[in-house]
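Okay, so here's the structure we're looking at.
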Amino acid sequence: MTESAAPSSFAPLSLYDTLSATKKPLALQEPGRCKLYVCGPTVYDMSHIGHARAAVVPDILVRLLRASGLEVVYVRNITDVEDKIIKRAADEGVSPEVITTRYTDAYHDDLDALHCLRPDIEPRVTDNIPQIVALIERLVANELAYPVDGDVYYRVARFEHYGALSKRSLDDMQAGARVEINERKESPLDFVLWKGAKPGEPQWPSPWGPGRPGWHIECSAMSLRHLGETFDLHAGGRDLIFPHHENEIAQSQGACGPGTFARHWLHNGFIDFAGEKMSKSLGNFFTIREVRNLYLPEALRYFLLGVHYRSGLNFDVEAPCPSCRHLLDPEQQQASHCPACAAPLELARLRAHVRFPGLEEADDRVAYIYDTLLRCQRALATTSEPDAPQQNIVASAVSGMLPGFLAALRDDLNTAAAIAALSEPLREVNRQLEFKKKPEIAGRRPTLARFLADMPAISQHLGLFADDPTTYLRERRDRKAARLRLDVAEVERLLRMREAARAKKDWKEADRLRAELGLLGATLQDSAEGSTWTL
RNA sequence: GGCCUGGUAGCCAAGUGGUAAGGCAGAGCUCUGCAAAAGCUCUAUACGCCGGUUCAAUUCCGGCCCAGGCCUCCA
C-alpha cells in the first residue's frame, strides 16, 4: 500500500446516521477502535442478492476503517432459532441444526466469493440463550417486561423513546395498527421477548418455563456480550429500522440505561426488481448462487457498489422467450404461451434464460479494468525506455486517482463517486498505453508505474481487482462461454485453423473462419503475439 | 389512513445556492490486411410540476403530481 493510502491518524469519515437523520462525522467512543454490530441472516434458505448488499455495505465500511489505521471489532450474528427454520426442518423431516448448518455454510461460501471479510465474531443465538434469559430478567426487574403464561412481553408504553429511530409516535402506530390480536398482551404494540415452548419445537429452560427467545432480543444480548453496553455502529437493512432496531434500542437501553447502545445507525437500501421490492412474475428473487453460476462474483460486487448504499438499487431482469427471444414483459411472463411465437412458457425455463443487463455492464467494466492492469503490467515489463522517475511528470489524472477515490469513500461511503473517480485515470493509462511506437513520451513510465502502485490500495478498499488479471480474464471468458452454451474446444480448433491461414496471409480464409467463430459468439483480437478471443 | 424516501439527458447514476461527475447505448475518426480491443472527437441547452425566499435554486421552504418503502417475518 502506498503512503497516501494509509494515513497514520484517523482520517475523518462522515456517515449518515438514521437516528439523528443527518450525515455526521463518525466519533468513536474509544480513539483508534471501532466497535460494529451488523444484523446477520436467519439461516433457513439460500441468500439472495439483497443479503449480498447488506453484507457488502458494512464490508466496505470495515475495509475503510481498517485502512485508516483503526482497530475494528466486527460482530455479525447468525440467527439460528426462528419460525421459518423450524418449519423448514419439519418440511424436510430433519432437525433444525441440519437446516441452519447447511445455510450458514452456504452463506459463508457466497460471501467469501463476494470478497466480504469475515466478521471477527459471529455469534449464534443458540450459543447465547443464558445471556438472553439474563437480559430479559433485567427487563422484568425494571418493569419493562412482563411474563404471561410462559411468554414474556416488552411493555412498549413504558419506554419513553420508543419510535425515535423510525420517527413515529406511539399514536401513529396505534392508528395504523395491523397488529394481531393477542389478549395476553397489555397493548397490541408490545412485542415478545420469550415464547413459551410448543411441543416439538426447540426449547430451553427459563424462569418463565421452557421456551425460546423472541425475534429481537438476540441482537441486544449478543451485542452486549461482545461489544459492551455502548458501541459505535450498528448496521442493517432499511427494513430492520422498524420494528427490529427500534425494539433493540428499547431492550438494550431498557436494561442498561439511557445513552447506551449504538451511537450511530447505518441502514442500506433495498434491491428492487422491475421497480418493486420483488418480482412476483419470475418467482420473487434471485439468489447469490444463481448469479454466481452465470457471472464471476466480482461483477455482482461491482454492480452493488455502483450505487450509493442508501439508495434503492434496481436489479433489471430481462426475460426473453426461450424460443423466439421476444422480450417478455412481467405480464407476459405469467402467460402460458409466448405472445410472439406462441411457444409454451414455463417458469423454470424462463429463469434459465434470464438476462441481467446491469450485471453484464458491470461485468464488462470489471474486465476493462483487469485488462488495463494487464496491459500496463506488460508494458512496464517489456519496454526498455529509460527510467524517468520524477514524480512531477506523472499524469495528473493518475496522481489524483487515489486521493479522489478516498475522498469519495470518506463522504458517507460514496462508492458510486469513488468508482467514477477511476474513470479518468483509467482512460489516461490506456491513452499512454497507445503510444507503443513512441515510448519516449514524457512521463509514460512513471505514470503507468504510479497507476500500478496505487491500484492495490483501491483493490483493498473495494474488495475488487485483486486477482491476477490473466487468470481473472480467462475465468470470466470460460464462465461466459458456459452461460452462452458455447463450445470452447470448437472455438479453439477454428482459431488454430485461422492462425494458420493468417500465417499464409490467406485473408479470405481467415475472414471466413472469423465469421464462423462470430456465429458461435466468439470475438477475435489479433495482435503481434497472435490471436485471442473473447465473448 | 400514518410515517419515510426518491423523481437528474435514450438507459443507469453522482452531486451542488452561482450555470451539472461517471458508466452504458449512439455517430465519426485513429490504429488494424480487414476487424476486435484501446484511444480521440461528438452527441445531447438532463435536474417531475407550481409557487416562495435569494442578486442567484436543480440544490433551501411550501403545495401538487408520480413512483417506491415501512407500519406483519423480511437485508
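Just so it is clear: chains get the letters A, B, ... in the order the sequence lines come, proteins before strands, and each one is counted from 1.
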Mind checking [X] for me? I need base, sugar-phosphate or nothing, with any heavy atom below 4.0 Å counting as a touch.
{"X": "A:Gly236", "value": "sugar-phosphate"}
{"X": "A:Arg76", "value": "nothing"}
{"X": "A:Gly50", "value": "base"}
{"X": "A:Lys505", "value": "nothing"}

Is it true that [X] and [Y] have a side-chain N and a carboxylate O under 4.0 angstrom from each other?
{"X": "A:Arg431", "Y": "A:Glu434", "value": "no"}
{"X": "A:Asp83", "Y": "A:Lys195", "value": "yes"}
{"X": "A:Arg512", "Y": "A:Glu516", "value": "yes"}
{"X": "A:Asp468", "Y": "A:Arg474", "value": "no"}
{"X": "A:Asp109", "Y": "A:Arg289", "value": "yes"}

Pairing check on [N]: which nucleotide meets the Watson-Crick or G-U wobble criteria with it, both distances under 3.5 Å?
{"N": "B:C42", "value": "B:G26"}
{"N": "B:A21", "value": "none"}
{"N": "B:U32", "value": "none"}
{"N": "B:G62", "value": "B:C50"}
{"N": "B:G1", "value": "B:C71"}
{"N": "B:U16", "value": "none"}

Atom pair distance, as rounded to whole Å: [atom1] in [X] and [atom2] in [N]:
{"X": "A:Arg238", "N": "B:G6", "atom1": "CZ", "atom2": "C1'", "answer": "9 Å"}
{"X": "A:Tyr370", "N": "B:A37", "atom1": "OH", "atom2": "C1'", "answer": "19 Å"}
{"X": "A:Glu82", "N": "B:A75", "atom1": "CD", "atom2": "C1'", "answer": "14 Å"}
{"X": "A:Arg168", "N": "B:G69", "atom1": "CZ", "atom2": "P", "answer": "15 Å"}
{"X": "A:Asp364", "N": "B:A37", "atom1": "CG", "atom2": "P", "answer": "10 Å"}
{"X": "A:Phe273", "N": "B:A75", "atom1": "CZ", "atom2": "C1'", "answer": "12 Å"}
{"X": "A:Asp239", "N": "B:A75", "atom1": "CG", "atom2": "P", "answer": "6 Å"}
{"X": "A:Asp190", "N": "B:U72", "atom1": "CG", "atom2": "P", "answer": "13 Å"}

Give me the distance, rounded to whole Å, that separates [N] from [M] when you measure between the [atom1] atoms they each carry.
{"N": "B:U16", "M": "B:A56", "atom1": "C1'", "answer": "14 Å"}
{"N": "B:U59", "M": "B:A21", "atom1": "C1'", "answer": "16 Å"}
{"N": "B:A13", "M": "B:U53", "atom1": "P", "answer": "35 Å"}
{"N": "B:C12", "M": "B:G1", "atom1": "C1'", "answer": "35 Å"}
{"N": "B:A67", "M": "B:C29", "atom1": "C1'", "answer": "42 Å"}
{"N": "B:A75", "M": "B:A36", "atom1": "P", "answer": "46 Å"}
{"N": "B:C47", "M": "B:G33", "atom1": "C1'", "answer": "49 Å"}
{"N": "B:C31", "M": "B:G23", "atom1": "P", "answer": "24 Å"}

- Query: So does A:Asn268 get a side-chain nitrogen or oxygen closer than 4.0 Å to the phosphate oxygens (OP1/OP2) of B:A75?
  - Reply: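 So the side-chain polar atoms of A:Asn268 never come under 4.0 Å of the phosphate oxygens OP1 or OP2 of B:A75.
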Aromatic plane relationship, [Y] with [X] - under 30° parallel, 30 to 60° tilted, over 60° perpendicular:
{"X": "A:His51", "Y": "A:His48", "answer": "tilted"}
{"X": "A:Phe191", "Y": "A:Tyr162", "answer": "parallel"}
{"X": "A:Tyr472", "Y": "A:Tyr370", "answer": "parallel"}

### Task
May I ask you to list the residues of residues 520-532 of chain A, by number, that have any heavy atom positioned under 4.0 Å from an atom of RNA chain B?
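A:Thr523, A:Leu524, A:Gln525, A:Asp526, in order of number.
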- Could you check which residues of residues 507-516 of chain A get a heavy atom under 4.0 Å from RNA chain B? Sort them by number, please.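 The answer is A:Trp507, A:Asp511, A:Arg514.
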| said: Suppose we call two aromatic rings close when their centres sit under 6.0 Å apart. Are A:Phe315 and A:Phe356 close by that rule? | reply: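 Yes, they do, as the ring centres are separated by less than 6.0 Å.
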What distance do [X] atom [atom1] and [Y] atom [atom2] have between them, rounded to the nearest 0.5 Å?
{"X": "A:Leu36", "Y": "A:Leu233", "atom1": "CG", "atom2": "CG", "result": "5.5 Å"}
{"X": "A:Cys376", "Y": "A:Gln432", "atom1": "SG", "atom2": "CD", "result": "9.5 Å"}
{"X": "A:Ile85", "Y": "A:Ile99", "atom1": "CD1", "atom2": "CD1", "result": "9.0 Å"}

Item to complete: Would you state whether a donor and an acceptor, one from the side chain of A:Arg375 and one from the base of B:G39, lie under 3.5 Å apart?
Response: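 Flag unset: no donor-acceptor pair detected.
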Next on the checklist: Base of B:A75, side chain of A:His48 - is there a donor-acceptor contact under 3.5 Å?
Outcome noted: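 Answer is yes: a donor-acceptor pair is held.
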Problem - Ring-face cation contact, A:Phe242 with A:Arg168, 6.0 Å cut, 45° max - result: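 Cation-pi check for A:Arg168 and A:Phe242: passes.
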query: With nearest nucleotides of RNA chain B determined for A:Phe242 and A:Gly40 from heavy-atom distances, which residue corresponds to the more 5′ nucleotide?
result: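 Its nucleotide being nearer the 5' end, the pick is A:Phe242.
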Most 5' of A:Thr534 and A:Tyr16 on RNA chain B, judged by nearest nucleotide
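Closer to the 5' end of RNA chain B: A:Tyr16.
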The contact string for nucleotides 12-24 of chain B, one letter per nucleotide 5' to 3', using protein heavy atoms under 4.0 Å with B, S and - for base, sugar-phosphate only and none, comes out as -SSS-----BSBS
- A:Tyr295/A:Phe303 under ring-ring contact (aromatic ring centres under 6.0 Å, His included): CA gap, chis, key distance, verdict: CA-CA 11 Å; A:Tyr295 304 87; A:Phe303 174 75; 9.7 Å; no
